[in-house]
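Shown next, in structure tokens, is the structure this report addresses.
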Amino acid sequence: MAEIGMLDMLMQCKLGLGIQTSETVFDGVLMQKITAVKSFLRGAGVAEAVISGDDAVGVIVMGVGDIWNQAAGEVKFSPAFTAIAAQLRAGVTA
């Protein structure tokens with residue numbers, strides 16, 4: 001499993017949200033959301049090696065997408081996100 005750095009994760013999130021990778025205006029907000037999703041996964045019991053690896057890219061992008069347009073104070077993840085997070089916690093990877 002290859003480790004994915006924060007800048008690579010940022011690029012993956014931009015692609016997943018349909019934001020041009022050369023656009024930097026949202027980088028700070030996206031980095032905050034990436035950090036929040038990773039923190040959620042840690043709290044859910046997903047191993048750090050999994051969170052920082054390429055197996056978690058899809059679920060992190062999905063989680064960032066879930067909270068991208070939410071109002072301040074709201075955090076609602078999709079059922080798909082929570083199901084995949086549970087699989088990662090259980091050690092089920094691609």
Side-chain angles (χ1 to χ4, degrees):
M1 171 176 7
E3 186 170 317
I4 303 296
M6 281 297 279
L7 291 179
D8 289 332
M9 185 62 69
L10 176 63
M11 292 301 124
Q12 291 300 317
C13 285
K14 285 180 175 183
L15 291 171
L17 293 170
I19 299 171
Q20 291 184 3
T21 56
S22 60
E23 181 61 58
T24 60
V25 70
F26 298 114
D27 286 5
V29 174
L30 286 170
M31 293 294 270
Q32 291 171 351
K33 293 184 185 309
I34 291 167
T35 300
V37 171
K38 286 183 169 188
S39 292
F40 177 89
L41 292 172
R42 277 186 205 95
V46 179
E48 188 62 39
V50 175
I51 293 169
S52 62
D54 55 1
D55 285 337
V57 171
V59 73
I60 292 171
V61 171
M62 186 183 300
V64 169
D66 285 350
I67 61 175
W68 177 244
N69 289 316
Q70 291 187 16
E74 283 188 357
V75 177
K76 290 190 278 184
F77 291 112
S78 65
F81 172 83
T82 54
I84 296 169
Q87 289 179 327
L88 290 177
R89 180 186 64 236
V92 179
T93 59

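In this text, all values refer to a predicted model and were calculated from it rather than measured experimentally.
- Here CG of L7 is found 9.0 Å from CD1 of I34. Values are rounded to the nearest 0.5 Å.
- Atom-to-atom distance recorded for Q87:CD and T82:OG1 is 10.5 Å, nearest 0.5 angstrom.
- Between V59 and V46 the shortest side-chain heavy-atom distance does not fall below 4.5 Å.
- S39 meets the side chain to side chain contact (heavy atoms under 4.5 Å, CB included) test with T35, R42; sequence neighbours excluded.
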- request: Report the C-alpha distance between L15 and V61 in whole Å, list the side-chain angles of each, state the deciding distance to 0.1 Å, and finish with yes or no for side chain to side chain contact (heavy atoms under 4.5 Å, CB included).
  value: CA-CA 9 Å; L15 291 171; V61 171; over 6 Å; no

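- For the pair K38 and M6, the minimum side-chain heavy-atom distance is below 4.5 Å.
- Between the CD1 atom in I60 and the CE atom in M62 there is a gap of 11.5 Å [rounded to 0.5 Å].
- Q70 places a side-chain N or O within donor-acceptor distance of the main-chain N or O of K76, the cut-off being under 3.5 Å.
- Note: M31 CE to C13 SG = 9.5 Å, rounded to the nearest 0.5 Å.
- Counting non-hydrogen atoms of other residues, nucleotides and ligands closer than 6.0 Å to CD of Q20 gives a total of 12 or fewer.
- Checked by atom type and distance alone, the side chain of K14 pairs as donor or acceptor with a backbone atom of T21 at under 3.5 Å.
- Looking at heavy atoms from C-beta onward, F81 lies in side-chain contact with L41 at the 4.5 angstrom threshold.
- Put simply, the side chain of S52 does not reach to within 4.5 Å of the side chain of I4, judged on heavy atoms.
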- request: Take L88 and I51 through the test side chain to side chain contact (heavy atoms under 4.5 Å, CB included) and record every step on the way to the result.
  value: CA-CA 9 Å; L88 290 177; I51 293 169; over 6 Å; no

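- D66 places a side-chain N or O within donor-acceptor distance of the main-chain N or O of S78, the cut-off being under 3.5 Å.
- Ring pair W68/F26 is perpendicular by interplanar angle, where above 60° counts as perpendicular and below 30° as parallel.
- Under the side-chain hydrogen bond (donor to acceptor under 3.5 Å, both in side chains) criterion, D8 pairs with no residue at all, not counting sequence neighbours.
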